[in-house]
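Below, all heavy atoms of this structure are taken into account, side chains as well, without hydrogens, waters or symmetry copies. A note on names: the letters A, B, ... follow the listed sequences, proteins ahead of strands, and every chain is numbered from 1.
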Number of protein chains: 4
Amino acid sequence: MIVVMKHEATQEQVDSVVERIVQMGCQPHTSLGEERSVIGIIGDVRKINREQIEMMDGVEHTLLVSKPFKLASREFHPDDTRVVVNDVTIGNQRVVVMAGPCAVESREQLMETAAAVKDAGAHILRGGAFKPRTSPYGFQGLGEEGLRLLAEAREMTGLPVVTEVMDPQMVPLVAAYADILQVGARNMQNFALLHLLGEMGRPVLLKRGLMSTIEELLMAAEYILSHGNAQVILCERGIRTFETYTRNTLDISAVPLLKQLTHLPVIVDPSHGTGKWELVEPLSRAAVAAGADGLIIEVHPHPEQALSDGAQSLKPAKFSTLINSVRSVAAAVGREL
Amino acid sequence: MIVVMKHEATQEQVDSVVERIVQMGCQPHTSLGEERSVIGIIGDVRKINREQIEMMDGVEHTLLVSKPFKLASREFHPDDTRVVVNDVTIGNQRVVVMAGPCAVESREQLMETAAAVKDAGAHILRGGAFKPRTSPYGFQGLGEEGLRLLAEAREMTGLPVVTEVMDPQMVPLVAAYADILQVGARNMQNFALLHLLGEMGRPVLLKRGLMSTIEELLMAAEYILSHGNAQVILCERGIRTFETYTRNTLDISAVPLLKQLTHLPVIVDPSHGTGKWELVEPLSRAAVAAGADGLIIEVHPHPEQALSDGAQSLKPAKFSTLINSVRSVAAAVGREL
Amino acid sequence: MIVVMKHEATQEQVDSVVERIVQMGCQPHTSLGEERSVIGIIGDVRKINREQIEMMDGVEHTLLVSKPFKLASREFHPDDTRVVVNDVTIGNQRVVVMAGPCAVESREQLMETAAAVKDAGAHILRGGAFKPRTSPYGFQGLGEEGLRLLAEAREMTGLPVVTEVMDPQMVPLVAAYADILQVGARNMQNFALLHLLGEMGRPVLLKRGLMSTIEELLMAAEYILSHGNAQVILCERGIRTFETYTRNTLDISAVPLLKQLTHLPVIVDPSHGTGKWELVEPLSRAAVAAGADGLIIEVHPHPEQALSDGAQSLKPAKFSTLINSVRSVAAAVGREL
Amino acid sequence: MIVVMKHEATQEQVDSVVERIVQMGCQPHTSLGEERSVIGIIGDVRKINREQIEMMDGVEHTLLVSKPFKLASREFHPDDTRVVVNDVTIGNQRVVVMAGPCAVESREQLMETAAAVKDAGAHILRGGAFKPRTSPYGFQGLGEEGLRLLAEAREMTGLPVVTEVMDPQMVPLVAAYADILQVGARNMQNFALLHLLGEMGRPVLLKRGLMSTIEELLMAAEYILSHGNAQVILCERGIRTFETYTRNTLDISAVPLLKQLTHLPVIVDPSHGTGKWELVEPLSRAAVAAGADGLIIEVHPHPEQALSDGAQSLKPAKFSTLINSVRSVAAAVGREL
């Protein structure tokens with residue numbers, strides 16, 4: 001950390017910052033510039049309360065030299081983390097595809113979709129039993145009945161199941177049915193939930209918040225890792241910007257950037273990333289070309305009757321086309337699907 | 001709601017949209033334009049599944065004519081809602097000031113601050129017992145001990161207490177101590193929490209998410225109202241933008257706009273809105289000049305030793321100056337403080 | 001266009017809107033809903049002054065049914081536009097690569113780069129002679145000397161040249177040397193410049209403003225097209241968001257979306273899109289996988305000595321690797337490079 | 001400036017950065033941390049090419065310690081700049097109001113508006129003769145005829161005139177008629193225009209770009225100042241965010257922040273800042289309460305017939321009410337109007 005003093009700071013003010021740094025257990029190194037003094041801090045800067053330093057008289061601001069995440073950082077853990085769920089490995093040479101309906105609506109809808117995505121080549125089944133909805137008047141999901149249907153679809157297809165958990169109280173229930181617990185974008189900073197999932201030890205799919213920075217995503221992962229669970233998959237699913245032609249703006253740069261910054265696997269959700277089914281196939285290709293370890297895609301047998309997110313859901317035949325098209329791109333970048 | 005058909009849509013496609021609207025219980029009115037057909041939908045449009053319509057062949061998109069919130073809407077409930085807490089009324093002619101430390105850190109710190117803000121003229125005491133922190137390594141609050149201290153400070157000063165509740169499981173505990181339950185910006189769309197607070201009936205201070213539109217804020221309020229609780233105070237606390245010189249961008253326009261759109265009281269948090277204590281006083285004046293019903297402000301006796309948010313906390317003497325300065329502005333716009 | 005009346009609008013107010021629409025030369029169609037009246041407008045809505053209608057008593061707001069661009073729209077011009085520059089065609093089955101230094105710095109630097117990008121397989125040479133710089137103290141480009149060097153490099157390599165023109169006064173000068181005239185992101189809404197380029201008839205590379213919506217980009221193209229020039233190439237180069245780990249956020253969804261909305265060719269600038277050379281190769285692959293018709297990439301023989309944008313420039317050897325890697329992806333999506 | 005080396009950087013890499021800094025004419029100070037080395041740069045850092053340093057092997061990134069603007073900075077020029085136009089001073093104790101139509105449409109419209117705003121207490125007349133419009137099909141202004149009408153209105157009322165200049169070629173023409181030359185938000189980084197206005201010496205009203213940072217605004221001012229013209233007024237007029245209920249988001253924090261960072265006067269445009277006439281009065285009050293030196297407001301005698309921006313224009317009677325209401329707030333913060 002670097003402390004930048006004000007142009008007009010006095011020697012006494014510099015001295016008291018230096019003293020405070022020593023009290024906090026680090027070593028200060030002062031440089032006297034022509035315009036202002038600058039104090040470098042050496043040692044374990046987690047001991048430094050940055051806000052307190054910034055409030056001292058004569059201090060202009062502080063600058064972070066290192067990233068605030070450690071356990072999630074590739075710098076300190078160079079080898080790729082692989083998340084293993086039954087016989088599927090995420091973070092491997094093989095691109096993993098998770099697919100299924102936005103929401104579980106009925107046994108018929110789920111079984112039809114599950115069979116179709118398995119046939120097309122998906123590796124994991126997705127489906128929502130508890131749905132976060134902007135409006136209190138929207139469909140909120142089937143709840144535990146939805147979880148039971150997901151487990152039944154796993155029986156039928158052999159595909160592991162990923163589903164969202166919105167509330168710490170629901171974690172034991174959802175964990176009783178699901179293989180991977182998903183933290184949705186709106187809950188990326190639900191710290192009580194992250195804490196509990198850290199203690200559970202079950203694989204977690206952590207979606208980036210729609211207005212969260214890459215650093216905040218990695219800090220949310222750090223919450224889970226620091227409570228003992230290293231089985232975390234990150235998911236880029238689009239951020240909120242001023243553009244209104246798409247539901248969100250898929251931040252494709254996040255994929256290679258996250259692969260540099262962290263050892264955790266990174267997947268992409270092109271369905272929420274755009275909100276338009278016509279864009280899902282080209283963006284799935286783009287995600288794999290950019291280095292994503294997997295995709296999570298909404299598929300519905302009758303999108304025009306879907307109870308949520310129909311506009312971004314693919315019909316099974318289009319999903320099958322997508323898989324073939326993505327498979328070619330995967331091969332072009334030295335991977336398989 | 002309006003359904004806009006594609007330029008090349010066939011008569012059959014128009015007919016099947018019309019038929020579907022009738023099935024859903026509304027009346028369609030078709031206009032045949034030169035470029036495309038447009039179908040207006042009349043009746044209770046909450047019966048219409050908009051996404052399903054958008055997925056039908058020949059449909060280009062749909063347009064909403066009315067706002068999606070009803071209970072929170074001023075159009076249908078013209079009179080101002082007043083939230084009453086002990087002898088303090090929020091939403092009245094008098095501007096209400098809530099003040100106190102970001103986090104409760106110790107008995108000494110809290111009692112000193114509480115006495116100071118009461119002396120300066122504050123009406124309600126704020127303070128965090130459970131703190132949402134971006135980093136798992138940051139101070140997470142004193143928990144129940146913090147709640148007990150807040151209750152003790154209320155005894156001492158007579159000021160009602162507002163404090164944050166982050167997790168549905170904690171609602172009974174927090175409600176046992178606090179007068180107003182605060183939903184923080186990161187939890188604005190924690191729907192399980194909103195649902196429960198709707199059933200509790202205790203006054204709620206609902207902060208706008210840093211990534212949330214005004215419409216989403218009103219929909220979050222609609223969750224609470226639709227579960228039976230009309231005692232909701234809205235709080236503008238800054239949104240995330242590309243600007244980095246301030247921590248957030250305080251959306252001052254939200255104040256008069258919310259006063260138009262809803263009957264609920266609206267307050268402003270200039271501390272989080274800017275992240276810089278030097279800006280808190282001018283923005284407090286601006287908020288009241290724009291029509292805010294109140295302010296919530298962070299005060300700390302020794303900001304340079306604060307365990308969180310020191311950089312945006314005012315010392316008691318500066319807070320006292322602020323109160324006097326805001327009082328003049330309140331008088332200039334026909335209100336009191 | 002649709003006019004939505006207020007809940008409480010009177011019959012007289014509805015009548016006077018209807019009358020005004022007729023005066024403006026269109027036909028009104030009124031629907032009487034339970035909550036409010038809605039008036040559809042049929043005919044050539046470019047005759048309607050939307051803002052005037054919105055100011056009439058009783059009007060709540062208006063909604064656009066059609067897109068505001070016509071000449072740039074694929075709906076009315078389904079066939080792809082191809083821009084031909086010497087023997088290079090942009091908008092064809094072949095992916096076109098434009099490459100070269102951010103700024104022309106010296107004969108030696110330019111000739112070395114031009115030879116290298118040609119060897120690696122680039123089709124068009126890029127290089128800035130006039131540079132827009134945020135700081136008045138930054139390098140502003142070589143000016144006309146830079147243009148002369150670009151023409152010399154074209155002689156040497158046979159590659160057509162694209163370079164930026166920032167100011168209408170400079171158009172004749174730049175056009176005397178360059179094959180394609182580039183409008184930079186900061187000038188996307190420099191309407192005097194767009195107007196003049198419309199009249200020139202020379203191919204234009206129009207970069208999306210970092211603060212511009214897709215609709216505004218298409219309206220800027222409409223300026224050029226409506227003044228008589230159909231030779232316009234659109235370029236996605238990243239938008240400004242809250243994320244700070246990248247210089248801009250490359251909006252990859254814009255590629256397939258623009259291909260749907262317009263007949264004009266669409267290329268991607270992954271150098272400005274990210275600001276980091278390490279991300280340029282993965283994003284180039286992603287752009288082509290998403291359907292881009294070309295790429296524009298910064299290459300510098302000695303990025304650590306570049307006078308501008310060194311951090312996002314590739315060395316020639318890395319550019320050559322990129323070309324090979326993108327070629328595989330192009331083949332995977334049925335195109336060549 | 002601070003150079004942060006990578007965790008794994010070698011001593012040779014540190015040495016060559018040190019050497020390069022010396023070559024560029026500054027002094028390096030190296031600190032060896034546990035995790036990485038950090039090199040402080042002392043001297044006139046404008047001599048350092050930051051991008052070149054960032055490209056050197058072993059360098060992770062660089063951090064700026066000082067702000068990049070000097071001439072515009074209050075740190076180096078503590079006294080307020082006052083811009084004097086005839087007998088009006090901007091940047092003084094008196095709040096200055098500029099008012100008039102968005103566009104000059106006719107002699108009748110302009111004279112009626114000019115007389116009305118003068119009567120209500122405005123100090124300067126605004127009006128657009130050249131209008132930047134998103135669509136090529138929109139009204140583009142009366143051009144030189146508009147300038148002549150503005151000069152005539154000045155004759156009649158005695159009010160100085162501010163009007164926009166969009167293009168360097170037009171500067172002599174506009175300067176022949178106007179007292180203050182306005183740079184619009186879309187042209188904030190039109191560097192050819194800024195350069196020329198720096199050489200002209202006429203007062204400039206510089207509007208913040210709708211997606212420009214405060215630092216970029218100050219760098220744009222630095223262009224004008226560094227070419228010899230210190231008569232610059234800054235204008236906050238709203239930035240682009242994800243919120244769609246308002247046309248832009250007025251960044252009210254920019255007012256006190258700019259007053260801290262720079263000695264230049266700061267005014268606010270609440271008309272463009274919101275796009276809704278109902279919000280103009282509360283935001284005018286807020287701007288003055290926050291410390292603005294002035295306001296620029298759109299007034300039109302018949303907004304429902306305005307050729308542009310009718311929705312955000314006030315009728316003269318409402319403008320007169322606004323002036324009275326703002327006058328009370330000005331008095332409450334120790335200023336006059």
At a 4.5 Å cut-off on heavy atoms, which part of D:L283 comes close to chain B: side chain, backbone, both, or neither? side chain
Region of D:R240 that comes under 4.5 Å of a non-hydrogen atom in chain B: backbone
Shortest non-hydrogen contact between D:A289 and B:A289, atoms and distance: CB-CB, 3.8 Å
Which value, rounded to the nearest 0.5 Å, describes the distance between D:E216 atom CD and B:E243 atom CD? 8.5 Å
Distance col, row D:T244:OG1 vs B:I214:CD1, nearest 0.5 angstrom, shows 8.5 Å
Is B:E278 salt-bridged to D:K259, going by a charged N under 4.0 Å from an acidic O? no
For the residue pair B:T249 and D:S253, establish whether any side-chain heavy-atom pair is separated by less than 4.5 Å. no
In terms of heavy-atom proximity below 4.5 Å to chain B, should D:T213 be classed as side chain, backbone, both, or neither? both
Counting heavy-atom pairs under 4.5 Å to chain D, which of B:E281, B:M211, B:R327 comes out on top? B:M211
Got D:Y245 and B:K67 here, is their nearest side-chain heavy-atom distance under 4.5 Å? yes
Under 4.5 Å to a heavy atom of chain B? For D:S284 that would be neither
Taking side chain as everything from C-beta outward and backbone as N, CA, C, O, which of these in D:E215 sits under 4.5 Å from a heavy atom of chain B? Side chain, backbone, both or neither. both
Is a side-chain N or O of D:R285 found less than 3.5 angstrom from the main chain of B:A290, in a donor-acceptor match? no
Got D:F242 and B:T241 here, is their nearest side-chain heavy-atom distance under 4.5 Å? no
So, the part of D:V333 with a heavy atom under 4.5 Å from chain B: the answer is side chain
